[in-house]
Amino acid sequence: MELPLSFAPLAAGLALLLAVAAFLAKRRTAPLAGKPLSGAVSVDASSAAGDDRPRVAIVFGTQTGTAERFAKQLKTEIQAAVGDATVVEAVDAEEYDAAARLPAERLALFLVATYGDGEPTDNAADLYAWLLRSAGEAEKGGAPATARPLSALTFGVFGLGNKQYEHFCAVGKRMHKALESLGATPAVRRGDGDDDDDIEGDFDAWRGELMAALKASNLLSHAAEGGAVAEAAPLPAFEVVPSTAAAAPAASGTGLSPHSPALATVTAVRELHSKPASERSCVHVEIDIAPVGHRAYEAGDHVGILPVNEGAVVEEAAALLGVKARLSDVVEFRAPRSASDLGHPVPGPITVRDALARHADLVGVASKGMVAAFARAATGDEATKLAALLAPDGLAAYKAWHAHSRCLLEIMREFPETAGSVGLGAFFGAVAPRPAVRFYSISSSPALQPTAVHVTAAVVRHEVATGRVHAGVATGGLARAVVGDRVALFLRKSTFRLPSDPSAPVIMIGPGTGLAPFRGFLQERAAAKAASPATLFFGCRSETTDYIYREELAAHLETGALTALHVAFSRAGASKDYVQHHLRAHAAALKAAVAAGGHVYVCGDAKAMARDVHAVLVDALGEAGVKALADGGRYLKDVW
């Protein structure tokens, strides 16, 4: 996680908020139904420039782009309902000055994802921390809701998460509660989107309730006739302009934030599974991060890698789009002044090949919003078929058609005429989503590798029901990499750290590639010649196929960096053997280590392994014991 930035002293900040709220309260009449946006006050830059129209702020916190996409869909629908008399903006949480703007907003909508162990996304960390801190102070003061700083605000929250994770939609839930604590009025129930089921359907249901509530409340008092989204409107499109300049490098930043990736060089790649005994693949990749700087990371941090589509995928997409002959052309994607709903920017100058390789998610699961945007370019029979799939009464047909998780490339194959007519500008402006950054726990320590990060990645490759072989974009790229290849990446801080007390026992639980951060921990301990107890519970399928880093673990046992190793082989016998079975068998030693000040670390699959491990810990330590361990910062999880 990126750590929140410091804020101004809270007392002064709240005093300012209360003063603004007092002013706004004079303008306020009845709740919800009596707060027309025509009375909105805005303190943002555009208002300062003379635009005094009422505003609706839609703030998104996203890690993979889904919340951003939903925010822009909602913006389109609300803007169509209110017309030009109201400004509707979809804004990145990182660029939203909550302390300055929220007290003056009349309507703000928050679409926020939860990832990891109930954490906000990187871009929403500051907003989230400020909101919870302010709410805590307001609750501590016991002020009545009418005197609280956001009493003039009507809001809505839609959280994005996955029910398989322990802290489902935790960020959305906490933000909703904090906004109410600060006196804001919810326009609609909190929405919880489940990515493990039908997050698109969850969002559609919440959005429908929101629009109905807003229209009934007169908050959208400048609604255009009909109030419906103009489906026939042209797709938002970039202007694609030929450039005589040389193409810019894929990345040229500091490598210390997602907004500033750096190009780093691959120095080693090796397979960790035994071949041909293992039908799967796991690669160890070493990357020189000298451009980022000396000791730019700590053991336990993450590296974010920007994925690149495989050459064959790019070639096919270009052919379907009708731009295969232009792959080497250098172009710039410029946003027209009138286009406010464009997708993510495409930096340039850039070749068409690199634009398709680096800035379009061609093989990820296609969202319904993406399909709807694609359909707006369709004509003839293809338009008829897509319209039927997207019709309100076509939900069952859509689910059946999309049951096999079609990707954008497959949809382009199925509807080639539409693909050929959509145009490169609209393809990037409205159809193709941004590829999600892939995060990996760094499997090295700067104590031994000050200018390199090591990545341990299970290579994703399997056949889906449509017959397509789904290959992981990032892991496939890492597996194909050769020495000298360059990858765009950035480093991300984590709270997954060894104890500050060098005498504290360490208990590490990480099957498969969950071993990655613990490899860094063990390197750190080896360099420091740590003498405290360190126990590792590791699991894999078999001793002969996927026992990764076996020789290194044995060496750490010899030096004392690792003092106990328990390995579970899940496919070696008649019954399954997992790390939680070994934890249960050593429950007494585990309890003693925790009692001696030990720290427990879990890394790996959140859906099954982490839950099962948690259950064993509860059995060994009790609910209160596990809670005390977590509250004391001694139970840390790096799960996905």
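Values below: every heavy atom of this structure, side chains too, minus hydrogens, waters and symmetry copies. This structure is a prediction, so every number in the text was calculated from the model and none was measured.
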So do [Y] and [X] actually touch side chain to side chain, heavy atoms under 4.5 Å?
{"X": "Met508", "Y": "Leu515", "value": "no"}
{"X": "Leu179", "Y": "Leu150", "value": "yes"}
{"X": "Thr185", "Y": "Leu153", "value": "no"}
{"X": "Asp612", "Y": "Tyr578", "value": "no"}
{"X": "Leu111", "Y": "Glu68", "value": "no"}
{"X": "Thr451", "Y": "Gln449", "value": "no"}
{"X": "Lys163", "Y": "Cys169", "value": "no"}
{"X": "Phe518", "Y": "Phe538", "value": "no"}

With no hydrogens and no angle check, do the side chains of [X] and [Y] hold a donor and an acceptor under 3.5 Å apart?
{"X": "His302", "Y": "Asp638", "answer": "yes"}
{"X": "Glu94", "Y": "His259", "answer": "yes"}
{"X": "Ser570", "Y": "Asp577", "answer": "no"}
{"X": "Asn162", "Y": "Asp195", "answer": "no"}
{"X": "His556", "Y": "Glu558", "answer": "no"}
{"X": "Thr545", "Y": "Ser542", "answer": "yes"}
{"X": "Ser274", "Y": "Tyr547", "answer": "no"}

Ring-face cation of Arg207 near Phe158 (centre distance under 6.0 Å, axis angle within 45°):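 No, Arg207 and Phe158 do not form such a contact.
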Over-ring placement of Arg541 relative to Phe569, 6.0 Å and 45° cut-offs: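 Ring-cation test returns no.
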Looking at [X] and [Y], would you say the former's side chain and the latter's main chain have a donor-acceptor pair under 3.5 Å?
{"X": "Trp206", "Y": "Gly193", "value": "no"}
{"X": "Asp202", "Y": "Asp194", "value": "yes"}
{"X": "Asn123", "Y": "Thr62", "value": "yes"}
{"X": "Lys173", "Y": "Phe168", "value": "yes"}
{"X": "Arg438", "Y": "Ala436", "value": "yes"}

How long is the straight-line distance from [atom2] of [Y] back to [atom1] of [X], given to the nearest 0.5 Å?
{"X": "Lys637", "Y": "Ile509", "atom1": "NZ", "atom2": "CD1", "answer": "10.5 Å"}
{"X": "Ser494", "Y": "Glu119", "atom1": "OG", "atom2": "CD", "answer": "7.5 Å"}
{"X": "Leu272", "Y": "Arg280", "atom1": "CG", "atom2": "CZ", "answer": "11.5 Å"}
{"X": "Asp546", "Y": "Arg571", "atom1": "CG", "atom2": "CZ", "answer": "9.0 Å"}
{"X": "Leu562", "Y": "Leu557", "atom1": "CG", "atom2": "CG", "answer": "4.5 Å"}
{"X": "Tyr440", "Y": "Ile305", "atom1": "OH", "atom2": "CD1", "answer": "6.0 Å"}

Check: [X] ring centroid to [Y] ring centroid under 6.0 Å:
{"X": "Phe537", "Y": "His566", "value": "yes"}
{"X": "Tyr96", "Y": "Phe60", "value": "no"}
{"X": "Phe155", "Y": "His176", "value": "yes"}

Of all heavy-atom pairs between [X] and [Y], which one has the smallest distance, and what is that distance?
{"X": "Ala98", "Y": "Leu127", "answer": "CB-CD1, 3.3 Å"}
{"X": "Ser532", "Y": "Ala504", "answer": "OG-O, 3.4 Å"}
{"X": "Arg519", "Y": "Ser443", "answer": "NH1-O, 2.6 Å"}
{"X": "Ala71", "Y": "Ile58", "answer": "CB-CG2, 3.8 Å"}
{"X": "Thr475", "Y": "Ala458", "answer": "CG2-O, 3.4 Å"}
{"X": "Ala67", "Y": "Gly61", "answer": "CB-O, 3.5 Å"}

Side chain to side chain donor-acceptor pair (under 3.5 Å) assessment of His454 paired with Ser444: CA-CA 5 Å; His454 295 179; Ser444 56; 4.5 Å; no
Test log, rule salt bridge (Lys or Arg N to Asp or Glu O under 4.0 Å), inputs Arg492 and Asp122: CA-CA 9 Å; Arg492 183 176 71 180; Asp122 290 342; 3.5 Å; yes
Test log, rule side-chain contact (heavy atoms from CB on, under 4.5 Å), inputs Ser367 and Thr66: CA-CA 9 Å; Ser367 70; Thr66 304; over 6 Å; no
Criterion side-chain contact (heavy atoms from CB on, under 4.5 Å) on Met609 and Val579, from CA distance to verdict: CA-CA 8 Å; Met609 183 276 297; Val579 290; 4.2 Å; yes
Greater than 12 external heavy atoms within 6.0 Å of Lys529's NZ: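 Check fails, neighbour count at 12 or below.
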Thr121 vs Tyr128, side chain to side chain donor-acceptor pair (under 3.5 Å): CA-CA, chis, key distance, verdict: CA-CA 9 Å; Thr121 58; Tyr128 177 76; over 6 Å; no
Basic-acidic side-chain contact under 4.0 Å: Glu200, Arg69: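 A salt bridge links Glu200 with Arg69.
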Residues Arg497 and Asp301 bridged, charged N to O under 4.0 Å: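 Counted as a salt bridge, because a side-chain N and a carboxylate O are separated by less than 4.0 Å.
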Given Glu524, Gln523, Arg525, the one that forms side-chain hydrogen bond (donor to acceptor under 3.5 Å, both in side chains) with Ser445: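 Passing option: Glu524.
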Stepwise side-chain contact (heavy atoms from CB on, under 4.5 Å) test for Leu636 and Val602: CA-CA 6 Å; Leu636 294 96; Val602 180; over 6 Å; no
Please list, one pair per line, the donor and acceptor atoms closer than 3.5 Å that link side chains of residues 615-631 to other protein atoms, with sequence neighbours excluded.
residue: Asp619; atom: OD2; partner: Arg584; partner atom: NH1; Å: 2.9
residue: Lys627; atom: NZ; partner: Asp631; partner atom: OD2; Å: 2.7

Residues Leu109, Leu74; criterion side-chain contact (heavy atoms from CB on, under 4.5 Å); working and verdict: CA-CA 10 Å; Leu109 306 170; Leu74 187 57; 3.7 Å; yes
Test ring pair (Phe, Tyr, Trp, His ring centres under 6.0 Å) applied to Phe496 and Phe521, Tyr635, Tyr297, the passing residue: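 Of the listed options, the one satisfying the test is Phe521.
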